[in-house]
Amino acid sequence: MLIEFLLLLATVLLLGYFFYSRKKAHTKAWVKIAFVLLTIAAVWAILRPDDLTVIANWMGVDRGTDLLTYGLVVAFFATTLSSWVDKREQEVRYARLARAVALQNAVPPEAPRDA
């Protein structure tokens with residue numbers, strides 16, 4: 001019972017942090033909706049873990065914890081890939097910006113003097 005309380009508290013705190021720390025960051029609407037749905041699913045799985053086992057059995061998995069683990073592995077890979085792509089795009093933007101600043105501040109070479 002204590003673990004359920006702690007898990008629910010952590011879930012609610014994460015939801016609060018997600019919304020209140022991103023007031024100025026323009027988070028896309030689908031990300032907010034997905035996070036709320038994930039929170040609802042987490043609360044449901046915490047309060048009714050046997051339901052997760054029923055869903056797992058329906059999907060051909062023996063236990064609900066196994067299904068949850070598989071889902072978390074897929075989510076981890078998706079998050080890692082998304083972060084890598086974002087980082088790569090940011091590096092490309094910085095490189096283009098550096099090139100533009102370098103070209104803007106470039107000094108043309110002086111013509112050679114004939115002696």
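Nothing here was measured: the structure is a model prediction, and the numbers come from that model. In this chain, numbering begins with 1 at the start of the sequence shown.
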Side chain to side chain contact (heavy atoms under 4.5 Å, CB included) partners for L14, two or more places apart: none
Test side chain to side chain contact (heavy atoms under 4.5 Å, CB included) applied to N57 and I55, V54, T53, the passing residue: T53
Residue list, side chain to side chain contact (heavy atoms under 4.5 Å, CB included) with D66, at least two apart or on another chain: V61, R63, Y70
Heavy-atom side-chain contact between V12 and Y17 under 4.5 Å: no
ILVMFWY cluster, L13 and F5 together (side-chain gap under 4.5 Å): yes
Show me, pair by pair, the donor-acceptor contacts under 3.5 angstrom made by side chains of residues 73-86, not counting sequence neighbours?
residue, atom, partner, partner atom, Å
T79, OG1, A75, O, 2.8
T80, OG1, F76, O, 2.8
S83, OG, T79, O, 3.0

Results of side chain to side chain contact (heavy atoms under 4.5 Å, CB included) for L68 - residues two or more places apart only: L52, L72
Distance in Å, E89 CD paired with E91 CD, rounded so as to fall on 0.5 Å steps: 10.5 Å
ILVMFWY network linking L8 to I3, side-chain heavy atoms under 4.5 angstrom: yes
Please output the side-chain donor-acceptor pairs of residues 97-112 that fall under 3.5 Å, not counting sequence neighbours, one pair per line with the distance.
residue, atom, partner, partner atom, Å
N105, ND2, V101, O, 3.4

Test side-chain contact (heavy atoms from CB on, under 4.5 Å) applied to F18 and V31, step by step: CA-CA 11 Å; F18 178 77; V31 173; 3.9 Å; yes
Name each donor-acceptor pair under 3.5 Å that joins a side chain in residues 40-51 to protein atoms two or more places apart or in another chain, with its distance.
residue, atom, partner, partner atom, Å
W44, NE1, D51, OD2, 3.4
R48, NE, D51, OD2, 2.6
R48, NH2, D51, OD1, 3.3
R48, NH2, D51, OD2, 3.3

Nearest atoms (heavy-atom pairs only) where T11 meets L7: OG1-O, 2.8 Å
